[in-house]
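Below: the structure, in structure tokens.
Note on naming: letters A, B, ... go to the chains in the order of the sequence lines (proteins, then strands), and numbering restarts at 1 for each one.
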2 protein chains.
Amino acid sequence: MATGRTHRPATRSRGIPEATVARLPLYLRALTALSERSVPTVSSEELAAAAGVNSAKLRKDFSYLGSYGTRGVGYDVEYLVYQISRELGLTQDWPVVIVGIGNLGAALANYGGFASRGFRVAALIDADPAMAGKPVAGIPVQHSDDLEKIIEDNGVSIGVIATPAGAAQPVCDRLVAAGVTSILNFAPTVLSVPDGVDVRKVDLSIELQILAFHEQRKAGEEAAAAADGAGPVVAGRSDSADKGPDGDVPAVMPA
Amino acid sequence: MATGRTHRPATRSRGIPEATVARLPLYLRALTALSERSVPTVSSEELAAAAGVNSAKLRKDFSYLGSYGTRGVGYDVEYLVYQISRELGLTQDWPVVIVGIGNLGAALANYGGFASRGFRVAALIDADPAMAGKPVAGIPVQHSDDLEKIIEDNGVSIGVIATPAGAAQPVCDRLVAAGVTSILNFAPTVLSVPDGVDVRKVDLSIELQILAFHEQRKAGEEAAAAADGAGPVVAGRSDSADKGPDGDVPAVMPA
DNA sequence: ATGTCTTTGTGAACGCGTGCACAAAGATGG
DNA sequence: CCATCTTTGTGCACGCGTTCACAAAGACAT
């Protein structure tokens with residue numbers, strides 16, 4: 001995840017904790033898989049295992065949405081898919097623009113996970129005139145001069161920034177000025193935005209650095225253990241969800 | 001950011017909280033920028049602003065590493081860069097393999113943020129025989145038949161999975177069997193790994209879904225406010241780091 | 001209808017992370 | 001050498017998130 005946060009004020013959205021909101025997409029994916037296999041109902045235990053979380057946590061998460069389960073039976077898969085989709089706002093169409101069509105921007109444009117969740121790539125924007133008109137993922141790239149017009153014409157409220165670091169803040173400012181209120185930032189920069197605009201950050205380098213930290217620690221422990229005459233650790237197989245080198249921490253965050 | 005977690009057991013690595021570890025790369029980036037401008041020292045207040053965090057939090061984070069500041073002056077930039085780099089394990093070389101050279105894999109191979117932090121792309125691996133030998137980012141793609149040999153020959157301990165969802169778990173199993181102990185997963189799947197292996201997950205679709213949730217909420221509030229006769233909200237500019245629609249939550253997590 | 005069994009929904013306790021506010025430490029000037 | 005000023009390092013309190021453990025609720029069989 002991106003990185004570095006502060007607990008949000010008292011504005012808890014409609015009583016649903018942020019931690020829960022972040023898990024809903026995870027549940028939704030697991031439920032969608034069950035739905036495709038025509039599984040009618042699922043218990044909290046089963047679904048929790050599929051999503052890689054604690055079953056009590058899952059039940060508490062669902063309790064924030066309402067009482068959608070049946071005691072002694074479990075949850076109705078289709079009904080839950082609908083409720084979560086509605087809660088996340090996925091029942092409506094979200095036009096999205098991607099700014100910065102380099103390798104990453106092109107990869108995002110081609111990413112299939114967007115369309116399947118109600119997200120529609122409305123436009124691809126790049127500052128390089130040579131890119132203009134060139135189709136990427138079947139969509140012609142438009143020049144950034146037209147950014148404002150594109151945003152307004154398509155009613156875009158979500159923007160994805162995949163530009164180099166230096167261009168990110170100016171692009172962000174223009175997106176916000178044009179009406180975008182949610183930004184997913186892949187550029188390695190801290191963006192400054194007005195109140196009311198949400199920013200989530202994904203930083204690939206930071207993720208690797210966190211892994212490196214734990215990798216180094218493991219190497220150190222192993223060496224220490226070897227020095228003690230004891231062998232390396234490593235035990236039984238476990239679901240990665242309930243251990244993790246990092247417990248919680250976001251490499252993707254609001255910022 | 002990837003998603004869904006559980007607090008790690010009591011194994012707090014060398015006393016450094018996970019939340020702190022996740023912020024160290026952020027500080028490092030800000031410090032590197034200062035270093036390039038030849039700024040000799042920086043106060044916690046200034047650095048915190050650059051990294052988008054609370055200054056007290058920053059000081060407490062640094063206190064876990066030791067007392068590297070000078071009261072009345074601040075922190076020595078170069079020294080702090082070195083200490084954080086060492087703490088994160090970036091002073092050593094980390095060979096990394098990327099498995100799955102589609103759009104995303106290619107984008108990762110070309111990503112400049114890796115090399116600059118001690119990460120070296122040792123090999124690109126893909127299951128498609130047609131890709132074999134074809135250079136991506138100047139590195140010839142190798143066939144997945146040779147995965148185990150590549151891992152061992154290069155002493156790789158960190159693997160990046162950018163395959164389709166279906167291939168992720170088998171690839172993960174082979175990586176782990178070959179000796180990889182840290183995995184960065186871009187495939188939309190919950191990976192199961194043995195104890196001792198760290199997994200971090202980055203899910204682009206989940207990030208957008210979280211944004212959509214808040215976007216929907218904002219739209220609802222605005223409508224409600226309009227119905228009350230009051231105008232939309234939106235106030236002054238603020239640094240996004242200390243508000244956020246999501247406070248904390250990780251879309252990237254251990255799982 | 002009644003009893004048993006399964007599974008949900010949640011009260012309560014605990015722990016981590018955050019941020020305030022201040023004392024201690026050092027620099028700097030007279 | 002002393003006074004003042006800046007900035008660190010941290011004790012403390014607060015709140016969120018997680019987890020346990022159990023009572024309530026419904027299904028199902030008899």
Problem - Non-hydrogen atoms of B/Trp94 and A/Gln216 that approach each other most closely - result: CH2-N, 3.9 Å

Whole-Å distance separating the [atom1] atom of [X] from the [atom2] atom of [N]:
X       : N      : atom1 : atom2 : answer
A/Tyr79 : C/dT8  : OH    : P     : 16 Å
A/Leu47 : C/dT6  : CG    : P     : 20 Å
B/Asp76 : C/dA27 : CG    : C1'   : 15 Å
B/Leu58 : D/dT10 : CG    : C1'   : 14 Å
B/Asp61 : D/dT10 : CG    : P     : 13 Å
B/Glu46 : D/dT8  : CD    : C1'   : 14 Å
B/Leu65 : D/dT10 : CG    : C1'   : 15 Å
A/Glu18 : D/dT18 : CD    : P     : 12 Å

Between [options], which nucleotide gets closest to the side-chain atoms of [X]?
X       : options                : result
A/Thr70 : D/dG26, C/dT10, C/dT18 : D/dG26
A/Val73 : D/dT18, D/dT10, D/dA27 : D/dA27
B/Ser43 : D/dG17, D/dT7, D/dT10  : D/dT7
B/Tyr75 : D/dT8, C/dT8, D/dT18   : D/dT8
B/Asn54 : C/dG9, C/dA27, C/dC20  : C/dC20
A/Ser67 : D/dT18, D/dT10, C/dG9  : C/dG9
A/Ala56 : D/dG17, C/dT18, D/dC20 : D/dC20
A/Lys57 : C/dT18, C/dT8, D/dT19  : D/dT19

Practice task
Please state whether the base of D/dT8 and the side chain of B/Arg71 form at least one donor-acceptor pair under 3.5 Å?
Solution key: yes

Practice task
Confirm from the modelled atom types if A/Lys60 and D/dT19 form a donor-acceptor pair under 3.5 Å, side chain to base only.
Solution key: yes

Practice task
Looking at every strand, decide which applies to A/Phe62 at a 4.0 Å heavy-atom threshold: base, sugar-phosphate, or nothing.
Solution key: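 Nothing: the residue A/Phe62, judged by heavy atoms under 4.0 Å, touches no strand.
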
Exercise for the section: Considering just the side-chain nitrogens and oxygens of A/Arg59, establish if one lies under 4.0 Å of OP1 or OP2 belonging to D/dA21. Expected result: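 Checking D/dA21 against A/Arg59, no side-chain N or O comes under 4.0 Å of OP1 or OP2.
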
Handout entry: Side-chain touch A/Arg29/B/Ile206, heavy atoms, less than 4.5 angstrom
Key = yes

Exercise for the section: Would you kindly say whether A/Thr181 and B/Glu215 are connected by a side-chain donor-acceptor distance under 3.5 Å? Expected result: yes

Practice task
Test A/Cys172 against every option in A/Val197, A/Leu191, A/Asn185 by the side chain to side chain contact (heavy atoms under 4.5 Å, CB included) rule and name the one that passes.
Solution key: A/Leu191

Practice task
Assess the pair B/Tyr68 and B/Phe62: is the distance between their ring centroids shorter than 6.0 Å?
Solution key: no

